[in-house]
There are 2 protein chains.
Amino acid sequence: MVNTNRMAEIGLLIGEPARAAMLGALMDGRALTAGELAGVAGVAPQTASGHLARLAEANLLAVERQGRHRYHRLASPEVAELIESVMRIAAVTLPDPTRMPVTGPRDAQMRLARTCYDHLAGGLGVAVTDALVARGVIAFDDGAGIVTPNGMERLAALGIAVDAPTTRVTRPLCRPCLDWSERRPHLAGRLGAAVCSHFIEQHWVTRVAGSRALHVTPKGQQALRERFGIAGIG
Amino acid sequence: MVNTNRMAEIGLLIGEPARAAMLGALMDGRALTAGELAGVAGVAPQTASGHLARLAEANLLAVERQGRHRYHRLASPEVAELIESVMRIAAVTLPDPTRMPVTGPRDAQMRLARTCYDHLAGGLGVAVTDALVARGVIAFDDGAGIVTPNGMERLAALGIAVDAPTTRVTRPLCRPCLDWSERRPHLAGRLGAAVCSHFIEQHWVTRVAGSRALHVTPKGQQALRERFGIAGIG
DNA sequence: GCGACGCTACGGCGCGGGCCGAAGCATCGG
DNA sequence: CCGATGCTTCGGCCCGCGCCGTAGCGTCGC
C-alpha cells in the first residue's frame, strides 16, 4: 500500500501559495535561481530558501549550484505531470466562478503560445499538433497518441530527430497533454520535447523573459505557413 | 494564467493525512459513507465530516445522500488521475528509504490484484494487459495506447462492450496507467473500465471487503487460463 | 412516538508552520 | 583585501487549522 502520509507530504508541499507559484514557474522546464523564484512567489529570499530546501529534500526539485547561484528545476517529467494534473483540476473545478483568473495582455500571450514543461502548448501547440495529425505523422486515438509507421521519416525530413530511448524506464514518445487554456490535447512526451527544441533552435520561437510565454518570430511565422500550413499565430 | 492560489488549495486538500487516506480509499471508484471514511482515516466522525465538506466544496468529491447515509466518491476521472500522479511520486521519490511501507499479507494481496479507480491493476492488471497486447487487441507504443483496427471485434467476441463516447470531452478509450507496485503500464481509460466491469460481472473476481484488493475466483482462474493464457494469479 | 444511529455545527485547545529581521557563509569583482 | 551579492541559518511572532467534546438535526426501526 502506498503510504498515505507520504501522499500528504507531497500535497502539503504543493499546498502553499508560495511553493505552488514556484512549481508553476518551473513548469517551463528551465532552471531558475533561488532569487528569481523568491520574486515569482512574492516572498523574501530567506522564506524562499526554506521552501526550496523542503522541495529539494522531497526530491520534487533538482538543485545545481553554479558559482554563487543555485539553479532549481523540476526533478523529473513525472513531477511535471503531477503539477500539470493539479493545474488541470485547478482550471476545471472552480467552485466559485467569480474567482476566475484575470485576463490581461500577458495572459493573452500565454494562451497564444507557451511552453508546457518541455513541449509546445497554447494555440501554437494545438495548431502544430493538428498539423502533424493532418499530415499523418502522428495519430491521436481518443486520447492516446502514436507515431504512424512512416511518421518518423517525415519528421526526419522536417529536421526533427528524436533521441534514442533512454536507458531508464522509457518515457512516452508521443503523449497527449490536455492543457487548461485550449482544453484540447497537444503533443507531449519525447517527441513533443524534440519538436519544441527544434522550434527554439531554428529561432522560430523565442522565450519571453520571465514567463513561460513564447514569441513567434517572423521566420517562425514563415516556417509555420510553409511547412505546417498554419497562419495567424503570432 | 492558472491561479496558483487555486493550485495551492488543491494541494492543501491532499496535504493532510486524514484527507489523503480518504482520497486513497476512494481510488477504487466506489462511493463510501462518511463513517467508513472516518474509519479509514482514523479520525472521529465530526472531524471526517469537516474534511469531506471541504473536499466536496472544492469539487474533488461528489456526494449523494441515501437515507441517513451520505455516499462520497471521487468527482471525476480527472481527480483520480491527480491522486494517481501523487501516488506515483510518493512511491518513487522516497527521500528516506527506511520509511518504505510495511509489507504484509494484505499488501501482498493488493499487489496481486486490485482495482485502480475503475480498472484492473496489480499483477492481474498487467497480465491481462499483456495478454490483450499479445492477442493484437491493443498496442502500447512507448507509453501511449491504441486499440488495433480489429481490436474492438475481438473484444466483442470476448463479450466486452465499450460504452459509446460520452457527450462530454471524450475520456481516453485506451490509456496506459503506470502504477506503483508493478512499475509497468496496465490498461486504463474507458476500455480498462469495461474490462474491469466484465470481470466483476462474470464473477471472475470479487471485491475484498474494505479494501481495493480483488480476489480471483476459481471460475476466474479458469477464464484467465482459457481465454487469456494466464496462469498463477490467485 | 421513542430510542438508536449517521451525520453536522460550534467552541476551545494546542501545535505546526509561514513569515520576516538579523546575522552568518560562500562567491564574485575590483 | 574589501565590499557587494546570492543564499542560508536562527529566532521569535502569530495565524491557520486539525482535533475532539458537546450539542443539534434528520432518518430509520419498532
Quickly work out the [X] [atom1] to [N] [atom2] distance and round it to whole Å.
| X | N | atom1 | atom2 | answer |
| --- | --- | --- | --- | --- |
| A:Tyr71 | D:dG6 | OH | P | 11 Å |
| B:Glu64 | D:dT27 | CD | P | 16 Å |
| B:Arg19 | D:dC19 | CZ | C1' | 12 Å |
| B:Arg70 | C:dT8 | CZ | C1' | 9 Å |
| B:Glu57 | C:dA9 | CD | C1' | 16 Å |
| A:Leu13 | C:dG16 | CG | P | 17 Å |
| A:Leu37 | D:dT8 | CG | P | 11 Å |
| B:Gln46 | C:dG12 | CD | P | 17 Å |

Starting the side chain at C-beta, find the nucleotide from [options] nearest to [X].
| X | options | result |
| --- | --- | --- |
| A:Ala44 | D:dC7, C:dC20, C:dG6 | C:dC20 |
| A:Thr47 | C:dC19, C:dC7, D:dT8 | C:dC19 |
| B:Glu16 | D:dC20, C:dC7, D:dG18 | D:dG18 |
| B:Val43 | D:dC20, C:dC20, D:dC7 | D:dC20 |

**Request:** Report the residue from A:Leu187, A:Leu214, A:Thr129 that forms a side-chain contact (heavy atoms from CB on, under 4.5 Å) with A:Leu120.
**Result:** A:Leu214
**Item:** A:Thr33, A:Leu61, A:Val63 screened by side-chain contact (heavy atoms from CB on, under 4.5 Å) with A:Tyr71, the one that passes
**Value:**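 Filter result, single survivor: A:Thr33.
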Between [X] and [N], is there a contact of a side-chain N or O with OP1 or OP2 at under 4.0 Å?
| X | N | answer |
| --- | --- | --- |
| A:Arg65 | D:dG6 | no |
| B:Arg54 | D:dG18 | yes |
| B:His51 | D:dC19 | yes |

**Message:** Between A:Arg68 and A:Pro45, which residue's closest nucleotide on DNA chain D lies nearer the 5′ terminus?
**Reply:**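 This one resolves to A:Arg68.
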**Of A:His69 and A:Gly50, the one whose closest DNA chain D nucleotide lies more 5'** =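 Counting from the 5' end, the first nearest nucleotide belongs to A:His69.
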**Request:** Could you say whether A:Gln66 or B:Leu52 is positioned toward the 5' end of DNA chain C, judged by the nucleotide with the nearest heavy atom to each?
**Result:**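 First, find each residue's nearest nucleotide; the 5'-ward one identifies B:Leu52.
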**Request:** If the plane angle is over 60° it's perpendicular, under 30° parallel, otherwise tilted; pick one for A:His119 and A:His186.
**Result:**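 Because their plane-to-plane angle lies in the 30° to 60° range, the rings of A:His119 and A:His186 count as tilted.
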**Message:** Would you compute the distance between atom NE2 of A:His51 and atom NE2 of A:His72 and round it to the nearest 0.5 angstrom?
**Reply:** 12.5 Å
**Message:** Working to the nearest 0.5 angstrom, can you tell me the gap between B:Glu16 CD and B:Leu12 CG?
**Reply:** 9.0 Å
